[in-house]
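Each remark here refers to the structure printed beneath this line.
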Amino acid sequence: MSLQTTTRPPAQRQARAVRLGPRSVIALALVSAVGVAGFGWPFLAPPTSRLSAHAQDAPWLFAGVLVLLVAVVAAAISESGLGPKAVAMLGVLAATGAALRPIGAGTAGIEPMFFLMVLSGRVLGPGFGFVLGSVTMFASALLTGGVGPWLPFQMLAMGWFAMGAGLLPGPDRLRGRAERAMLACYGFLAAFAYGTVMNMAGWPFMSALASNVAFDPHAPVAANLARFVAYCLATSLGWDLGRAVVTVVLTLALGPAVLRALRRATRRAAFETPVTFDTAGK
């Protein structure tokens, strides 16, 4: 009589379209730091600083800097292994996301592209997610004519949005309802976060004389924070809620099929397998 023991096969490590190297991580940290300063400078700069004295000019300066830094990040990530198969996948997903965005534009925050960014970032990793979010927002701006000084902020915020999905725990083991619930919760919270940080990009342009919720460069940080919260509640709460609800509904309803399709495409693409050419027959 012999005892047979069975061992559960180890979970297969999920392939990544882009592996972040040290230079890519440094570039992402740099652009994120400048982005935080660009979005949050009204709360970071004291009222007596020269930056507050140029309240109308500072967002434009940060927008110009972000354009250069996003390009640096894209170049650094490409050096980490953005091969032809990953570029093809990036093009397909970015085109799909850009086509989805105009569907509900201008209607209660119905923006179906957000759920695709969450699922793509989850499957393909944070590096690919950041590039995908930035490229998709750029492509959608070209498609809808939404090019302006706000575009670099949108690209950075969407890059953060998709990258965050790739940083969620359990990429190799967590599956099924638990994974979809986690992604839905992330999409709900991140949709509000996206709307909040984008409010920061336009809020300083309001004239303090026009409204009591506008940015006042002479007011202390606490007073401006209260103004900003009131501004978000008055102008974008309904839009952000619509975006969050649509993201949750689409993630729960279409998540299983989209996740399977993305993982199947990732396995077939074999991103981490080097391309070799057989010259034996020549």
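None of these values were measured; they are calculated from a predicted model.
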Minimal non-hydrogen separation, [X] against [Y], with atom names:
| X | Y | answer |
| --- | --- | --- |
| Val123 | Arg263 | CG1-CG, 3.8 Å |
| Tyr186 | Ala165 | OH-N, 3.3 Å |
| Asn224 | Ala214 | OD1-O, 4.4 Å |
| Gly195 | Asp240 | CA-OD1, 3.5 Å |
| Phe192 | Ala244 | CE1-CB, 3.6 Å |
| Val135 | Ala94 | CG1-CB, 3.9 Å |

With no hydrogens and no angle check, is any side-chain donor or acceptor of [X] less than 3.5 Å from a backbone partner on [Y]?
| X | Y | answer |
| --- | --- | --- |
| Arg180 | Pro256 | no |
| Ser134 | Met155 | yes |
| Trp203 | Val213 | yes |

Enter the distance from [X]:[atom1] to [Y]:[atom2] here, rounded to the nearest 0.5 Å.
| X | Y | atom1 | atom2 | result |
| --- | --- | --- | --- | --- |
| Leu262 | Arg267 | CG | CZ | 11.0 Å |
| Trp239 | Asn199 | CH2 | CG | 12.0 Å |
| Leu252 | Arg177 | CG | CZ | 11.0 Å |
| Thr247 | Met113 | OG1 | CE | 10.0 Å |
| Met163 | Leu168 | CE | CG | 11.5 Å |
| Phe228 | Leu233 | CZ | CG | 10.0 Å |

Is any side-chain heavy atom of [Y] closer than 4.5 Å to one of [X]?
| X | Y | value |
| --- | --- | --- |
| Met117 | Thr136 | yes |
| Glu179 | Leu259 | yes |
| Phe153 | Val197 | no |
| Phe114 | Met158 | yes |
| Phe115 | Val246 | no |
| Met89 | Ser120 | no |

With a cut-off of under 6.0 Å to the ring centre and 45° to the axis, is Arg243 in cation-pi contact with Tyr194?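 No; the conditions do not both hold, so Arg243 does not lie above the ring face of Tyr194.
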same_hphob_cluster(Val92, Leu132) at 4.5 Å side-chain heavy-atom cutoff: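 In one cluster with Val92: Leu132, no.
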